[in-house]
Number of protein chains: 2
Amino acid sequence: MTTPMLTKNQSLVFDVLTKAEAPLSAYTILDKLRDQGFRAPLQVYRALDKLLEYGVVHRLESINSFVACAHPNEDCHSHGLVAFAICESCGQVIEFHDHEVDHRLTDWLKSQKFKAEKSTIEIRGHCANCAA
Amino acid sequence: MTTPMLTKNQSLVFDVLTKAEAPLSAYTILDKLRDQGFRAPLQVYRALDKLLEYGVVHRLESINSFVACAHPNEDCHSHGLVAFAICESCGQVIEFHDHEVDHRLTDWLKSQKFKAEKSTIEIRGHCANCAA
DNA sequence: GCAATTGATGTAATAACATAACATATCCGT
DNA sequence: ACGGATATGTTATGTTATTACATCAATTGC
């Protein structure tokens with residue numbers, strides 16, 4: 001999907017996520033944008049919905065947070081499957097793709113005649129720097 | 001891990017999950033146990049924490065819900081990695097294990113020196129019965 | 001030009017999910 | 001019986017997400 005011109009709110013939210021060192025919750029984003037005139041959660045959630053749709057932001061289900069896509073130039077959707085390693089100490093997120101994993105899951109789903117719509121692979125733990 | 005004797009509240013919560021056709025949210029469980037004397041969310045969450053620890057219940061992060069483990073006789077923890085296919089129409093959850101996927105992810109994590117603690121693989125879509 | 005449609009925004013209220021803090025009670029080893 | 005650990009009960013609160021409704025702005029068809 002080609003990303004259309006972002007609206008004002010979408011740009012503000014995207015900028016906050018791009019500058020962040022770690023995933024942010026919707027309410028954290030809201031707080032960071034109070035000075036820009038944001039007042040209500042919906043302003044954030046609506047922008048996030050679009051950014052997710054465009055594939056430039058990912059939602060981390062296991063921590064109810066959002067990150068800017070780490071591979072903005074490639075098309076994440078075409079990879080079919082994105083996986084995340086999330087450090088519980090420093091918050092760093094490593095985003096990666098593995099075709100073999102993708103393939104195995106796809107084959108399994110096909111064998112079950114299960115039509116996949118949205119896949120989540122998230123590993124929580126500690127990154128090289130933070131691990132004892 | 002061997003599962004110790006369940007307490008009263010743990011048994012009640014586990015029974016509700018075992019009898020359910022689909023994953024249940026903590027608050028849905030609470031409602032189903034009002035007649036048994038449950039009054040507060042914490043009674044459910046505390047029981048769930050233990051059941052998760054014992055490995056007899058899984059949490060589905062992407063839908064904030066809980067299911068009884070589908071493979072009670074095997075030890076899910078020893079599989080290292082459990083994946084779920086979740087039907088968004090009927091709610092059915094298919095739990096499965098794939099050693100190859102496990103292996104690929106483990107190798108990748110090792111290459112990054114990332115210490116995994118908890119992994120989540122969830123695929124939302126439509127099961128064979130519900131797919132158009 | 002101008003109504004009609006569509007998409008974006010603003011705001012308030014509420015729903016849904018989860019935990020903190022504190023008090024009591026029950027179980028078990030000694 | 002005592003003391004510690006675990007389980008429970010209860011209230012309040014914190015956190016995440018959506019519903020409902022009003023307004024505004026850009027676009028399209030006529």
Side-chain angles (χ1 to χ4, degrees), chain A residues 1-17 20 22-54 56-67 86 88 91 118 120 122 124, chain B residues 1-17 20 22-54 56-67 86 88 91 118 120 122 124:
Chain A
M1 173 189 297
T2 63
T3 304
M5 199 65 183
L6 298 182
T7 67
K8 177 158 164 276
N9 285 2
Q10 289 160 19
S11 294
L12 287 167
V13 169
F14 185 61
D15 282 355
V16 166
L17 283 175
L24 301 178
S25 74
Y27 280 75
T28 302
I29 296 170
L30 174 57
D31 285 340
K32 288 180 181 292
L33 290 175
R34 297 252 180 224
D35 292 347
Q36 273 52 251
F38 273 48
R39 314 255 122 229
L42 214 50
Q43 295 175 289
V44 176
Y45 282 111
R46 285 202 277 230
L48 285 172
D49 282 348
K50 287 298 179 184
L51 295 171
L52 289 167
E53 183 184 326
Y54 303 153
V56 296
V57 162
H58 298 292
R59 176 193 177 93
L60 301 177
E61 310 275 5
S62 63
I63 56 172
N64 296 320
S65 294
F66 304 83
V67 280
I86 305 167
E88 297 189 314
K118 181 77 177 66
T120 297
E122 295 175 19
R124 268 103 61 231
Chain B
M1 173 188 299
T2 63
T3 305
M5 198 65 182
L6 298 183
T7 67
K8 177 159 164 275
N9 284 3
Q10 288 159 19
S11 295
L12 287 167
V13 169
F14 185 60
D15 282 356
V16 165
L17 283 176
L24 300 178
S25 74
Y27 277 72
T28 303
I29 296 171
L30 175 57
D31 286 340
K32 287 180 181 293
L33 289 174
R34 297 250 181 227
D35 293 345
Q36 273 54 248
F38 273 47
R39 314 254 125 233
L42 216 50
Q43 295 175 288
V44 177
Y45 282 110
R46 285 202 276 230
L48 286 171
D49 281 347
K50 287 298 179 184
L51 296 171
L52 290 168
E53 184 185 326
Y54 302 153
V56 295
V57 162
H58 298 291
R59 177 194 176 94
L60 301 177
E61 310 275 4
S62 64
I63 56 173
N64 295 321
S65 295
F66 303 85
V67 279
I86 306 166
E88 296 190 314
K118 181 77 177 65
T120 298
E122 297 175 19
R124 268 106 57 234

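Because the structure is a prediction, the values reported are computed rather than measured. Each chain gets a letter, A, B and so on, in the order its sequence line appears, and its residues count up from 1.
D:dT8 atom P lies 8 Å from atom NZ of B:Lys8, rounded to whole Å. Rounding to whole angstrom units, CG of residue B:Leu30 and C1' of D:dT10 are separated by 13 Å. Between the CG atom of A:Leu6 and the P atom of C:dA8 there is a distance of 11 Å, given to the nearest Å. Look at CE on A:Met5: it is 15 Å from C1' on D:dA26, rounded to the nearest Å. When the C1' atom of D:dA7 is taken as reference, atom CG of B:Leu12 falls 13 Å away, rounded to whole Å. What separates CZ of A:Phe66 from P of D:dT15 is a distance of 16 Å, to the nearest Å.
Side-chain contact between B:Val44 and B:Tyr27 is absent, with no heavy-atom pair separated by less than 4.5 Å. A:Ile29 is listed as a side-chain neighbour of A:Leu48, based on a closest heavy-atom distance under 4.5 Å. When side chains are defined from C-beta on, B:Phe66 does not count as touching B:Leu51, because their heavy atoms never get closer than 4.5 Å. A:Leu6 has its side chain out of reach of A:Val56: every pair of non-hydrogen atoms, C-beta onward, lies at least 4.5 Å apart. A:Thr7 has its side chain out of reach of A:Lys50: every pair of non-hydrogen atoms, C-beta onward, lies at least 4.5 Å apart.
For the segment residues 31-51 of chain B, residues with any heavy atom less than 4.0 angstrom from an atom of DNA chain C are, sorted by number, B:Leu42, B:Tyr45.
Closest heavy-atom contact between A:Ser25 and A:Ser65: N-OG, 3.8 Å.
Comparing the end axes of the helix from C:dG1-D:dC30 to C:dT30-D:dA1, each fitted to five base pairs by superposing C1' atoms of four pairs onto the next four, gives an inter-axis angle of 30° (nearest 10 degrees).
Each of D:dG9, D:dA17, D:dA7 was ranked by its minimum atom distance to the side chain of B:Asn9; first place goes to D:dG9. Residue B:Ser25 has its side chain nearest to C:dC17 when only D:dA17, D:dT8, C:dC17 are considered. Comparing atom distances between the B:Thr7 side chain and each of D:dT16, C:dA18, D:dA7 picks out D:dA7 as nearest.
Atom NE2 of residue A:His58 and atom CG of residue A:Leu17 lie 11.0 Å apart, to the nearest 0.5 angstrom. Atoms CG and CZ, from A:Asn64 and A:Arg59 in turn, are 5.5 Å apart once rounded to the nearest 0.5 Å.
With sequence neighbours left out, the side chain to side chain contact (heavy atoms under 4.5 Å, CB included) criterion links B:Ser62 to A:Glu61, B:Ile86, B:Glu122, B:Arg124.
Side-chain nitrogen and oxygen atoms of B:Asn64 include at least one within less than 4.0 Å of the OP1 or OP2 phosphate oxygen of C:dA18.
Both thresholds, 5.5 Å between centres and 30° between ring planes, are not jointly met by A:Tyr27 relative to the base of D:dT15, so the two rings are not stacked.
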